[in-house]
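Just so we're clear, the structure is a prediction, and the values are computed from it rather than from any experiment.
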Amino acid sequence: MRIGLLTEGGYPYATGEARLWCDRLVRGLPQHEFELYALSRSAEQEERGRVPLPSHVTRVRTAPLWAPADDGRSYRRRERRRFAAAFTELVRGICGADPARFADGLYGLAALASDQGGLYAALRSETAVRAVESACRAPEASREVQRAQVADLLEFVDELERMLRPLSLDWYEDLREVDVCHAAAGGVAALPGLLAKRFFGVPLLVTEYGVQLRAHYLAQSARDERPAVRALLAAFHTRLAGEIYAQADLLTPGNAHARRWQERCGASRERLRTVYPGMEADRFAAVGEDPACGDPHTLVWVGRVDPAKDLIALLHAFAEVRRAEPHARLRIFATAGGSGDQAVGHGYLADCRSLAAQLFPDEAADAHAVGENPVTFEEIGGPDVPSPADAYGSGRVVVLSSVIEGFPITLAEAMFCGRATVSTDVGAVVEVIGGTGLVVPPRNPRALAEACVTLLRDPERAQRLGSAARARALELFTVEQNVAAFEDSYLRLLAHGPARPDDAGVPFEQPPEARVPGHWATPTWATPHPVPVPPSPAASEGPAPGPADAPAPEGAADAPPDPGAPPDPGAAPGPADGSRPGADRVMVPAARAAHTAGSEASA
């Protein structure tokens, strides 16, 4: 089977949010052939290089979303009218309440780009700006959109051109040959698969471990954008998500939280199947099988340092824990790579260090000793803590204090390590924990402190919860279950998917082994001459046949068949000499040239 894997900002680059699970998926299915189609987000990402790819990845196509995509193509009058009509439908669908107009405009622009070249110049033209302005002034547009000024229109058109760059790619002739398109995320990453489904009938599978529409809303709240631009971008992503959910043959959310988002955006329940992320359980086996390891008085926090993790509330909660349990400690481990915005991450980490110094001043036992703070900030990958398993194994209780969370990867890793957990009720936390840990409301330091003190004072209960958590993680969150679920999804789409619009033959008429991927030299079975056919008895007794217009002799039935003649329904299914059917017509170019030269020499 040939799978076209569509990614954005992840696999096969060295860094990216979707790199790990995509790499595990590809390596876990060596019996299938993968083709990668990757959109990169920055020049730095491409400079870091790609991860080593297995041999069954036969094609890698990349395209940047960060660089200008001007191909120097300028449309003529007819193409400009065609663009204006499609783009007007698109922006009317964005600003209005009719998603069908958005879809018609999107596919119209894609067809224009396929026929006439890229859309870069057209999307940045005055025609595009005037079309957006007209849509914003329409009566059905929202109040925020109707207030858009010239600067808002220009900024939105600039963002829209960047998000629609996949429409102008030259990937689609390759994508029409794959059996399944698998988008590793929604949004812009799924656009090539959406077009391959629309124009070529290729089945589309969309996986969302973090809903792209939700991620856009969260990113917008952190940025200082104009209200009109924010409303226009939100409407575009909403329309795009609705079209993807409506057209995808199968949606595989990573948890029930993401599944609810997809259902609210129009996804049908019949095409939804939850597939949990897969993690390598072997990395945590040593810690998970030794529940007695780690300091019983230590709380552990592991994750990316940013405001969404709410370390401020955790530090205030630990102040109450410290008053109830004077020997308690808190170790904060930052994962390598930090936050998505490095400046914000470093500033937030500095604020947390300052608060910890104020809440817990270093106190020495005597005048000659050095003071020690009960809160430490460390980073995974150093000499003391080389791996996440070492971080989780340093304590008995793992804490998660987030106010925003999708699928909590660190919580699942703590479960593999057999740790008892205290978490805030956000995202898919309750679904992941499943009764094997304590859950408290977010932004409530007192409740967080009481749950931590409960487990610190009852180590037997903490051990029971940790054992149950490890058993649940081994059942639901391993790489093996993830790969098996996707392989079953691929086979289901291939078996029950709709027929291609251009398929005229019988399904599965051509066996998979008829196409050998890669570049090959002349096969060993190819000969420079056609396979000889034994002469018939009549031909051996009589002279050579006469001219082509002469009547055929009786023994001519045993002569080699004419390749251009229609097949005889009453003929035998294969040659009588035991040779391969059609072997006399299968010749590589070199063999065909040698045969032609030999025929001319004999003539």
Side-chain angles (χ1 to χ4, degrees), residues 1-8 10-11 18 21-22 25 34-39 93 99-100 102-107 110 163-164 166-167 169 171-172 175-176 178-216 236-277 406-407 482 485-501:
M1 188 189 306
R2 300 173 65 187
I3 295 103
L5 188 60
L6 312 174
T7 66
E8 179 195 0
Y11 193 69
W21 78 265
C22 287
L25 172 65
F34 281 86
E35 299 180 5
L36 303 183
Y37 300 86
L39 299 169
F102 173 85
D104 293 340
L106 183 69
Y107 298 131
M163 292 183 292
L164 293 180
L167 302 183
L169 297 176
W171 292 355
Y172 300 104
L175 280 174
R176 71 185 302 171
V178 302
D179 297 313
V180 175
C181 273
H182 184 180
V188 178
L191 264 178
L194 192 63
L195 299 185
K197 168 69 183 303
R198 170 78 175 192
F199 297 118
F200 310 124
V202 180
L204 175 60
L205 167 64
V206 179
T207 298
E208 281 192 313
Y209 286 131
V211 179
Q212 292 297 309
L213 182 60
R214 175 178 177 271
H216 171 76
F236 170 80
H237 285 281
T238 302
R239 291 284 181 264
L240 180 59
E243 181 63 17
I244 292 172
Y245 296 157
Q247 298 301 327
D249 296 279
L250 184 62
L251 294 164
T252 54
N255 50 75
H257 181 253
R259 181 172 183 148
R260 287 192 295 270
W261 270 83
Q262 293 175 344
E263 289 182 0
R264 291 169 184 170
C265 292
S268 174
R269 290 189 177 184
E270 291 75 16
R271 292 181 287 109
L272 286 170
R273 180 186 182 188
T274 303
V275 178
Y276 294 114
F407 185 92
N482 181 268
F486 279 119
E487 183 178 20
D488 180 71
S489 300
Y490 293 155
L491 296 175
R492 182 180 304 179
L493 287 177
L494 186 62
H496 301 286
R500 304 284 185 89

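- Using a cut-off of 4.0 Å between Lys/Arg side-chain N and Asp/Glu carboxylate O, Glu243 and Arg239 are scored as not salt-bridged.
- Atom-to-atom distance recorded for Arg2:CZ and Cys181:SG is 11.0 Å, nearest 0.5 angstrom.
- Counting only heavy atoms from C-beta outward, the side chains of Phe236 and Leu164 approach each other to under 4.5 Å.
- Taking 4.5 Å as the limit, every side-chain heavy atom of Glu208 sits out of range of all side-chain heavy atoms of Arg214.
- No option in Leu250, Leu5, Val206, Leu493 other than Leu5 meets the side-chain contact (heavy atoms from CB on, under 4.5 Å) test with His182.
- The CD atom of Glu263 lies 5.5 Å from the CG atom of Leu272; values are rounded to the nearest 0.5 Å.
- Shortest non-hydrogen contact noted between Ile244 and Gly187 is CD1-O, 3.5 Å.
- Of the candidates Arg492, Lys197, Arg273, Asp249 forms a salt bridge (charged side-chain N to carboxylate O under 4.0 Å, His left out) with just one, namely Lys197.
- Annotation: side-chain contact (heavy atoms from CB on, under 4.5 Å) contacts of His237 (sequence neighbours excluded): Met163, Leu213, His216.
- Side chains of Val275 and Asn482 form a contact here, defined as non-hydrogen atoms less than 4.5 Å apart.
- Within the 4.5 Å cutoff, the side chain of Leu169 has heavy atoms near those of the Leu39 side chain.
- Ring-plane geometry between Phe407 and Tyr276 is classed as tilted, the angle between the planes lying from 30 to 60 degrees on a 0 to 90 degree scale.
- The CD atom of Glu487 lies 10.0 Å from the CG atom of Leu25; values are rounded to the nearest 0.5 Å.
- Residue Tyr107 holds its OH atom at 3.5 Å from CG of Leu194, rounded to the nearest 0.5 Å.
- Side-chain contact between Leu36 and Thr7: absent, with no pair of heavy atoms (C-beta onward) separated by less than 4.5 Å.
- Using cut-offs of 30° and 60° on the angle between ring planes, the pair Trp21 and Tyr209 is perpendicular.
- A distance of 10.5 Å separates CG in Leu6 from CD in Glu35, rounded to the nearest 0.5 Å.
- Remark: the backbone N or O of Tyr245 is paired with a side-chain donor or acceptor of Arg271 at under 3.5 angstrom.
- Closest approach of Trp171 and Ala38 over heavy atoms only: CH2-O, 3.6 Å.
- Interatomic distance, Arg259 CZ to Thr252 OG1, rounded to the nearest 0.5 Å: 11.0 Å.
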Next item on the list: Verify side chain to side chain contact (heavy atoms under 4.5 Å, CB included) between Leu191 and Leu106, making sure each step is shown before the conclusion.
Entry: CA-CA 10 Å; Leu191 264 178; Leu106 183 69; 4.1 Å; yes

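- Summarising the geometry of Met1 relative to Leu494, their closest heavy-atom pair is CE-CD2, 3.8 Å, with the distance given to 0.1 Å.
- Contact annotation: the side chain of Gln212 never approaches that of Val188 to less than 4.5 Å [non-hydrogen atoms, C-beta and beyond].
- Contact check for Leu205 versus Phe486: side-chain heavy atoms found under the 4.5 Å cut-off.
- Across Pro253 and Ala258, no two heavy atoms sit closer than the pair CB-CB, 4.0 Å.
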